[in-house]
Protein chains: 2
Amino acid sequence: MTERPDSPRSRRERPAKPALSREGIVAAAVELLRAEGLRKVTMRRLAQELDTGPASLYVYVRNTDELHAAVLDELLGTVGPAPREGSWRDRLEQVLTAYTMMLFEHPTLARAALTARPSGPNYLNLIETLLALLDEGGVPPAQAAWGVDMLLQLATAQAAEHSEQDASPTHQDDWDALVGALRNASPRTHPHIAATVGVLLSGPPRARMSWAFQTLINGIERTAVPE
Amino acid sequence: MTERPDSPRSRRERPAKPALSREGIVAAAVELLRAEGLRKVTMRRLAQELDTGPASLYVYVRNTDELHAAVLDELLGTVGPAPREGSWRDRLEQVLTAYTMMLFEHPTLARAALTARPSGPNYLNLIETLLALLDEGGVPPAQAAWGVDMLLQLATAQAAEHSEQDASPTHQDDWDALVGALRNASPRTHPHIAATVGVLLSGPPRARMSWAFQTLINGIERTAVPE
DNA sequence: ACCTGAACACCGTTCAAGT
DNA sequence: ACCTGAACACCGTTCAAGT
């Protein structure tokens with residue numbers, strides 16, 4: 001299951017030397033992300049892809065983090081608007097799930113998103129959608145406002161953590177080590193772990209994700225913001 | 001406000017060439033983290049600190065991620081046991097806050113913790129403590145089990161995101177850009193953002209963190225796990 | 001003004017060769 | 001067996017110099 005670059009030049013036939021521009025750079029970065037993953041979206045590699053030296057990119061992009069944030073906002077456009085059917089709760093979960101799924105495909109991007117917050121139009125639209133749904137559900141505006149932050153954080157963290165894509169051997173080993181440690185926990189020193197280890201590790205990821213969103217929504221509904 | 005290595009050899013006088021061992025390596029990594037931050041905890045730099053070549057470390061540590069996970073578990077020992085005073089809710093929040101604060105000092109480590117889960121004894125103890133407190137609060141075991149995962153995820157994500165330490169100019173600029181974008185959101189296209197922008201950005205970080213923990217605890221208390 | 005070659009100061013990881 | 005020098009294949013970012 002190795003990665004295919006798909007085709008080094010897609011979209012158009014790439015004229016000999018397209019003029020540099022921020023949009024062009026970001027577009028090339030997205031293309032590169034799709035083809036080879038974020039780990040390859042480096043200044044040097046991107047410059048190579050654009051037939052120039054790395055220094056040239058710094059005219060349009062402050063640094064690597066900013067580049068990644070721009071890529072994220074671009075991908076956010078993929079998520080699409082809220083569905084029209086179902087309860088506000090279901091629709092809220094659907095939007096969050098769609099956002100999470102998009103990030104699942106690019107775990108490294110999710111990790112970046114946790115720190116470098118995007119501020120592009122697509123991110124704003126997402127926030128607006130979430131606020132509107134919470135409002136529709138009768139959640140007081142203050143709780144909705146603080147809650148949106150948590151919902152996005154949860155979605156991002158889920159993606160950064162559980163990403164199935166990231167089947168790197170190390171990741172798997174870490175997980176196995178944790179599972180082993182939990183299973184072997186002594187009932188004497190760690191009674192609660194021993195008693196609950198079955199549930200601790202149970203449930204398909206989808207079910208846990210759904211439960212997580214509902215749990216957080218329930219909390220947001222019921223927890224007043226300090227005045 | 002530049003970083004001081006404090007003193008290249010601390011603790012003991014460092015004999016000419018201490019024998020390599022996993023513990024020695026991890027200890028040196030923690031020392032290096034404290035002195036210069038996780039960004040400097042690289043295989044090469046660590047090897048240099050230990051007077052050897054980078055290849056030698058690979059005998060004891062699988063790779064950089066595993067090294068970071070080991071460092072995290074080591075720091076977890078710092079967090080200490082649950083307090084004895086106060087309601088289970090307060091104590092739960094205190095433990096989570098202590099954990100978060102520890103991670104706040106090392107944002108990069110928090111980011112790493114999101115993916116490379118530790119499985120050392122200190123991590124197990126933390127899980128046990130959280131389970132015990134939820135149990136004391138009468139939260140059904142299944143909800144507590146899934147909830148612990150979320151609580152740790154939230155704490156980690158908070159640290160990775162809001163870390164005040166990470167006052168890197170880029171981070172600040174990103175944030176300013178987002179604030180600007182929210183403030184300028186048109187009431188026509190983004191009515192909910194426009195109406196709520198005050199609260200969206202309000203509140204001291206501590207208050208928001210506390211609210212976030214309480215919100216999640218409330219949700220966990222009230223949301224049944226699918227059978 | 002805009003662009004970039006070349007350099008600086010780093011990385012992780014592997015492996016053949018040494019002790 | 002255990003250890004490691006040296007190499008491979010990369011990084012981000014800066015800046016003096018060119019057009």
Side-chain angles (χ1 to χ4, degrees), chain A residues 2-3 5 8 15-26 28-29 32-33 35-71 108-109 111-112 115-116 166 168-171 173-174, chain B residues 2-3 5 8 15-26 28-29 32-33 35-71 108-109 111-112 115-116 166 168-171 173-174:
Chain A
T2 182
E3 283 171 338
K17 198 84 191 270
L20 283 182
S21 71
R22 194 175 209 273
E23 288 109 60
I25 289 170
V26 174
L32 191 53
L33 172 74
E36 312 198 20
L38 190 75
R39 240 198 6 258
K40 297 297 178 87
V41 182
T42 66
M43 293 304 228
R44 288 184 107 106
R45 178 64 201 279
L46 192 53
Q48 186 185 308
E49 212 75 18
L50 290 166
D51 254 322
T52 182
S56 307
L57 303 184
Y58 285 81
V59 177
Y60 304 96
V61 167
R62 194 189 308 264
N63 55 35
T64 307
D65 280 356
E66 195 195 288
L67 176 67
H68 288 173
V71 168
T108 328
L109 195 57
R111 230 164 317 170
T115 12
D166 185 356
S168 80
T170 315
H171 189 80
D173 290 351
D174 285 358
Chain B
T2 181
E3 283 171 337
K17 197 88 192 266
L20 283 182
S21 71
R22 193 174 209 274
E23 288 108 60
I25 290 171
V26 174
L32 191 53
L33 171 74
E36 314 198 20
L38 190 75
R39 239 197 7 257
K40 297 297 177 88
V41 182
T42 66
M43 293 303 228
R44 288 184 105 105
R45 179 63 202 281
L46 192 53
Q48 185 186 308
E49 213 74 18
L50 291 166
D51 254 321
T52 183
S56 307
L57 303 184
Y58 285 82
V59 177
Y60 304 95
V61 167
R62 194 189 306 264
N63 56 34
T64 308
D65 280 355
E66 195 194 288
L67 176 66
H68 288 173
V71 167
T108 328
L109 195 57
R111 229 165 317 169
T115 12
D166 185 356
S168 80
T170 314
H171 189 80
D173 290 351
D174 285 359

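So you know, we letter chains A, B, ... as the sequences are listed, proteins then strands, and number each from 1.
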Asker: In whole Å, measure the gap between the P atoms of D:dC10 and C:dA9 for me.
Answerer: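 Approximately 23 Å lies between the P atom of D:dC10 and that of C:dA9.
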Asker: From OH of A:Tyr60 over to P of C:dC2, roughly how many Å is that when rounded to an integer?
Answerer: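 It works out to 8 Å between those atoms.
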Asker: Using side-chain hydrogen bond (donor to acceptor under 3.5 Å, both in side chains) as the criterion, list what pairs up with A:Ser56, not counting sequence neighbours.
Answerer: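 Here the qualifying residues are A:Thr52.
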Asker: Looking only at heavy atoms, which two atoms of B:Glu66 and B:Val61 are closest? And how far apart?
Answerer: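 B:Glu66 and B:Val61 have their closest heavy atoms at OE2-CA, 4.0 Å.
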Asker: Write down the distance between CZ (A:Arg39) and C1' (C:dC11), rounded to a whole number of angstrom.
Answerer: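 To the nearest whole Å, that distance equals 14 Å.
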Asker: Who pairs with B:Thr64 by side-chain hydrogen bond (donor to acceptor under 3.5 Å, both in side chains), at least two apart in sequence or on another chain?
Answerer: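 B:Thr64 satisfies side-chain hydrogen bond (donor to acceptor under 3.5 Å, both in side chains) with no residue once adjacent residues are dropped.
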Asker: Kindly compute the distance separating CZ (A:Arg111) from CZ (B:Arg111), expressed to the nearest 0.5 Å.
Answerer: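 One finds 10.0 Å between CZ of A:Arg111 and CZ of B:Arg111.
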Asker: Write down the distance between CD (A:Glu36) and P (D:dC10), rounded to a whole number of angstrom.
Answerer: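 So the two atoms are 11 Å apart, to the nearest Å.
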Asker: Which atoms of nucleotides 12-19 of chain D (N or O only) lie under 3.5 Å from a protein N or O atom, and what are those distances?
Answerer:
residue: D:dG12; atom: OP1; partner: A:Met43; partner atom: N; Å: 3.2
residue: D:dG12; atom: OP2; partner: A:Met43; partner atom: N; Å: 3.3
residue: D:dG12; atom: OP2; partner: A:Arg44; partner atom: N; Å: 3.2
residue: D:dG12; atom: N7; partner: A:Arg44; partner atom: NH1; Å: 2.7
residue: D:dG12; atom: O6; partner: A:Arg44; partner atom: NH1; Å: 2.4
residue: D:dT13; atom: OP2; partner: A:Tyr58; partner atom: OH; Å: 2.9
residue: D:dT13; atom: OP2; partner: A:Thr64; partner atom: N; Å: 3.2
residue: D:dT13; atom: OP2; partner: A:Thr64; partner atom: OG1; Å: 3.2
residue: D:dT13; atom: O5'; partner: A:Tyr58; partner atom: OH; Å: 3.3

Asker: Residues in side-chain contact (heavy atoms from CB on, under 4.5 Å) with A:Tyr60, at least two apart?
Answerer: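 A:Tyr60: side-chain contact (heavy atoms from CB on, under 4.5 Å) contacts with A:Leu20, A:Arg22, A:Ile25.
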Asker: Using atom CG of A:Leu57 as one end and atom P of D:dC11 as the other, report the distance to the nearest whole Å.
Answerer: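 A:Leu57 atom CG is separated from D:dC11 atom P by 12 Å.
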Asker: If you measure from CG on B:Leu32 to CZ on B:Arg39, what distance do you get to the nearest 0.5 Å?
Answerer: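 Rounded to the nearest 0.5 Å, the CG-CZ separation comes out at 11.5 Å.
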Asker: Which dot-bracket string fits DNA chain D when only Watson-Crick or G-U wobble pairs with both atom distances under 3.5 Å count, crossing pairs get [ ], and | stands for a partner on a different strand?
Answerer: ||.|||||...|||||.||
Asker: Please give, in whole Å, the distance from C:dC10 C1' to B:Leu46 CG?
Answerer: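 Spelled out: CG on B:Leu46 to C1' on C:dC10 is 16 Å.
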Asker: Over how many whole Å does the gap from B:Asp51 atom CG to D:dG5 atom P extend?
Answerer: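 Roughly 11 Å, once rounded to whole Å.
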Asker: Which residues pass the salt bridge (charged side-chain N to carboxylate O under 4.0 Å, His left out) test with A:Arg44, sequence neighbours left out?
Answerer: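 For A:Arg44 there are no salt bridge (charged side-chain N to carboxylate O under 4.0 Å, His left out) partners, ignoring immediate neighbours.
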Asker: Is there a side-chain polar atom (N or O) of B:Ser56 under 4.0 Å from OP1 or OP2 of D:dC3?
Answerer: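 It does not, given that no N or O in the side chain of B:Ser56 lies less than 4.0 Å from OP1 or OP2 of D:dC3.
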Asker: Output the rounded distance in Å from NZ (B:Lys40) to P (C:dA9).
Answerer: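 In whole Å, C:dA9 P and B:Lys40 NZ are 13 Å from each other.
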Asker: Taking only residues two or more places apart in sequence, or in another chain, which ones meet B:Ala29 in a side-chain contact (heavy atoms from CB on, under 4.5 Å)?
Answerer: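 For B:Ala29, the residues satisfying side-chain contact (heavy atoms from CB on, under 4.5 Å) (neighbours in sequence not counted) are B:Val41, B:Leu46, B:Leu67, B:Val71.
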Asker: Can you give me the closest heavy-atom contact between B:Asn63 and B:Met43, atom names plus distance?
Answerer: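 Minimum heavy-atom contact is C-CE, 3.8 Å.
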